[in-house]
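Both counts, for ligands and for their atoms, begin at 1 and track the order of listing. These numbers were taken from a predicted model, which means no experiment stands behind them.
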Amino acid sequence: MKIGFGCDHAAIDLKNELIEYMSNKGYDCVDYGTGYDENGEVIKCDYPAKGRQVGEAVVKGDVEYGVLICGTGIGISMSANKVPGVRAAVCSEPYSARLTKQHNNANIIAFGARVVGTELAKMILDEFFGAEFEGGRHQRRVDMISDIEKDYMK
Ligand code: RB5
């Protein structure tokens, strides 16, 4: 499975640790940045740009899922959710991470590097990527989310 990772300058180290963690588990991880330049300086990045970039990659099918991290996970997920077809969920604990896949069919998970530590972030990813969308009555509700997008794109 191909997963796109994106973050702003607040979350580079956590993003890099999680790419290593998920790569070691066999996932094909694509790093959309941001990161460090050749002098070890942080490449500054505004979270809306990264939310949009990873959101578009998911919707185009370049990657199946996205992981977005900023200071809180909020701004970057808000930005990704503006891309039609994105369902990005901010989850600071594993229970919500599992449920947002099972019920909301989230295609992007987001959290904050200033909110969760590395080990909790790993648990969040384990729950999210270990869960399956349950379909059924949940599909109808997810379709209703898509209907909102369609109505506003008319
Ligand atoms: C950047 O300082 C911070 O505002 C950003 O990472 C994020 O928390 C926004 O939602």
Donor-acceptor check, side chain of R87 to backbone of N105, threshold 3.5 angstrom: yes or no?
yes
Show the atoms of ligand 1 that are less than 4.0 angstrom away from any heavy atom in Y47.
5 (C), 9 (C)
Looking only at heavy atoms, is any part of D8 under 4.0 Å from ligand 1, and if so is it the side chain, the backbone, or both, or is it neither?
side chain
In the protein, what heavy atom is nearest to atom 8 (O) of ligand 1, and what distance, to one decimal place, separates them?
T72 N, 3.0 Å
Enter the distance from C91:SG to R98:CZ here, rounded to the nearest 0.5 Å.
11.5 Å
Within ligand 1, which atoms have a heavy atom of G71 less than 4.0 Å away?
5 (C), 6 (O), 7 (C), 8 (O)
Report yes or no: do V86 and I145 belong to one cluster of Ile/Leu/Val/Met/Phe/Trp/Tyr joined by side chain heavy-atom distances under 4.5 Å?
no
Is NZ or CZ of K101 both nearer than 6.0 Å to the six-membered ring centre of F128 and within 45° of the ring axis?
yes
Say whether R114 and ligand 1 are in contact under the criterion: heavy-atom distance to a ligand atom below 4.0 Å.
yes
Among all protein heavy atoms, pick out the one at the shortest distance from atom 10 (O) of ligand 1; state its residue, atom name and that distance to 0.1 Å.
G75 N, 2.9 Å
Heavy atoms only: which of C70, A113, A110 lies closest to atom 7 (C) of ligand 1?
C70
Centres of the Y32 and F5 rings: under 6.0 Å?
no
Under a 4.0 Å threshold between the charged nitrogen and the carboxylate oxygen, would D8 count as salt-bridged to K44?
no
Any N or O of A10 that comes nearer than 3.5 Å to an N or O of ligand 1?
no
